[in-house]
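Working notes, structure below.
Naming convention: chains lettered A, B, ... in sequence-line order (proteins, then strands); numbering from 1 in each chain.
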There are 2 protein chains.
Amino acid sequence: MSGSDGSGPAGRDHPFDAAVALKPADTGDGTYTGATHPAYANMVGPYGGITAATLLEAVQCHPERLGVPVSLTVNYAGPVADGEFTVSARPSRTNRSTQHWSLELTQDGRVITTATAVYAARRDTWADTEATMPDVPEPEAVPVTPMPDEVQWAKNYEMRFLDGALPALEGAPESPDSTTMLWVRDAPARPLDFPALASLCDVFYPRVFLRRGQAMPAGTISLTVYFHADEAVLADHGTRPVLARARSNRFGRSYFDQSACLWGTGGELLATTHQLVYFKG
Amino acid sequence: MSGSDGSGPAGRDHPFDAAVALKPADTGDGTYTGATHPAYANMVGPYGGITAATLLEAVQCHPERLGVPVSLTVNYAGPVADGEFTVSARPSRTNRSTQHWSLELTQDGRVITTATAVYAARRDTWADTEATMPDVPEPEAVPVTPMPDEVQWAKNYEMRFLDGALPALEGAPESPDSTTMLWVRDAPARPLDFPALASLCDVFYPRVFLRRGQAMPAGTISLTVYFHADEAVLADHGTRPVLARARSNRFGRSYFDQSACLWGTGGELLATTHQLVYFKG
């Protein structure tokens, strides 16, 4: 609860919270208005992760929401223009333990982003993780490497690269392997929640830059997140960094894919995420 | 074109084609009617792969379609009941070189399945495959292993397991690894196309059966396919088997994920695919 002094609850003054903030429309039908935030600007439109987080936020604050997100797919149909946008969140079907959502972000009535999400009431079951966290140094032992100054959105993330840092964008060698691995968290630090985890799933610069040793036009066309963490795991995680590792399987004919794992500091696999990326070059 | 003797074009007499067949509604607005096919029945409702293929087929035969599929996500919101269903396919946005689709399968007005697809005009670019095909015996050197007789849909696939075949469903040991790898193709053989490739992406029995050495309630909740093959690659592939390998990253709290690669006989990566699966046990 906000105090009478106007200060918000912990974390709510963070730029991330300002960027994903949504205001319910008077229609009360799961329609919200939001606006792009300059802190998350990318080359063309905002950082894709913040758009994914904003769409998930629409479900998070929807009065009919049941349970926690287990799956999210976001399709980037066109660039979000600077300024206001509308998000519509519609439960397409509610079952006893799962709920399916259809989402759209529009500007001036035109579809900019579409998404679907699955929410669920999770229960205790047999459990095991096969994708174990690589043996890496503690975050504090790895230097922070900022992205180039013109990459506005990246200033919201503290990145400590263990492998595959952004190559110099002129004269860098080609790389035979597309793997990037880094410790990463919000900057300033912020307790991890589902929208923030969704946003982190898009934190990798385009793999084709690493392979080719140069920048070129590239943009995510579809992003999927599978949430392995539940609310208790996220609460326990707090503000610590996440170990994030991404790699591509194939590049060609204008598109490449990318798959990534995000682990908590203690080795817990928080999310797996996949995306298809357009590139030109 | 069908001849006057009533015979269809090559492959069109295949059960797969009967199962994904759609009839445009008189409304002409991208609404189609289809029906479940007994050959693709699963425990509760049809095989998820045939539903994915049917949704993709709605775009494939839509007059406004542009290009080829590059991404497909299908959300299984509820079981498809035996009988007729309606599929609606709506281009949510058409750009110069990409087209975004929103899809729904309904029965009696109730949403059963939702999906999104991205189509694109692909161009020649730099290309490379990092996920190289494992070194395995030729398909002909690997025996065909049918699934248990009660698994109706599996009779439409010729499966030659190299690793992680379905365990005996009583008294089988637990497995420390969820990997299954097999050569697989339609049975009878049928030229590979985009709907058939989408269907093959769901061909793996639930990974939790392998890990636990027993069957239990389980079902795909969301499936994503990234198509690396274009039309020329599929035409070249023909009726040969696909090498399909799947593995899970994490199981727990009612859900597990699965990621898979599908390669052509010559080693070309045709698709990568991911899913989130509900399980109880």
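Within residues 111-121 of chain B, the residues having any heavy atom less than 4.5 Å from a heavy atom of chain A are, in residue-number order, B:Val111, B:Ile112, B:Thr114, B:Thr116, B:Val118, B:Ala120. Within residues 207-217 of chain B, the residues having any heavy atom less than 4.5 Å from a heavy atom of chain A are, in residue-number order, B:Val208, B:Arg211, B:Arg212. For residues 171-178 of chain A, heavy-atom neighbours of chain B at less than 4.5 Å comprise A:Pro176, A:Asp177, A:Ser178, sorted by residue number.
Using a 4.5 Å cut-off between heavy atoms, A:Ser259 contacts chain B through its side chain alone, with no backbone atom that close. Contacts between A:Ser222 and chain B at a heavy-atom distance below 4.5 Å involve backbone atoms as well as side-chain atoms. Only the side chain of A:Thr272 comes within contact range of chain B, judged by heavy atoms closer than 4.5 Å. Interface residue A:Asp230: only side-chain heavy atoms are found under 4.5 Å from chain B. There is no contact between A:Gln99 and chain B, counting heavy-atom distances below 4.5 Å. For A:Arg93, the part lying under 4.5 angstrom from a heavy atom of chain B is the side chain only. In this structure, the portions of A:His228 lying under 4.5 Å from any heavy atom of chain B include both its backbone and its side chain.
Distance check, rounded to the nearest 0.5 Å: CG of A:Asp257 to CG of B:Leu269 gives 7.0 Å. Residue A:Ile221 holds its CD1 atom at 7.5 Å from CG of B:Asn95, rounded to the nearest 0.5 Å. The CG atom of B:Leu72 sits 10.0 Å away from atom OG1 of A:Thr73, with the distance rounded to the nearest 0.5 Å. With rounding to the nearest 0.5 Å, the separation of CG in B:Asn75 from OG in A:Ser102 is 8.0 Å.
Between A:Arg250 and B:Thr129 the shortest side-chain heavy-atom distance falls below 4.5 Å.
Residue-environment remark: CG (A:Asp29) exceeds the threshold of 12 foreign heavy atoms within 6.0 Å.
Minimum interatomic distance between A:Ser254 and B:Thr125 (heavy atoms only, all atoms of both residues): N-OG1, 3.1 Å.
Chain A forms more heavy-atom pairs under 4.5 Å with one residue of B:Trp126, B:Tyr76, B:Phe251 than with any other, namely B:Trp126. Here A:Ala131 is the residue among A:Cys261, A:Ala131, A:Ser97 with the most heavy-atom pairs under 4.5 Å with chain B. Between chain A and the residues B:Thr132, B:Asp124, B:Thr98, the largest count of heavy-atom pairs under 4.5 Å involves B:Asp124.
Of the possible donor and acceptor atoms, one in the side chain of A:Arg122 sits under 3.5 Å from a partner among the backbone N and O of B:Gly252.
Sorted by first and then second residue, the ring-ring contact (aromatic ring centres under 6.0 Å, His included) pairs with a member in residues 261-281 of chain B read A:His274-B:His274, B:Tyr226-B:His274, B:Tyr255-B:Tyr278, B:Phe256-B:Phe279; sequence neighbours excluded.
The existence of a salt bridge linking A:Arg253 and B:Glu268 is excluded, since no basic side-chain nitrogen approaches an acidic carboxylate oxygen closer than 4.0 Å.
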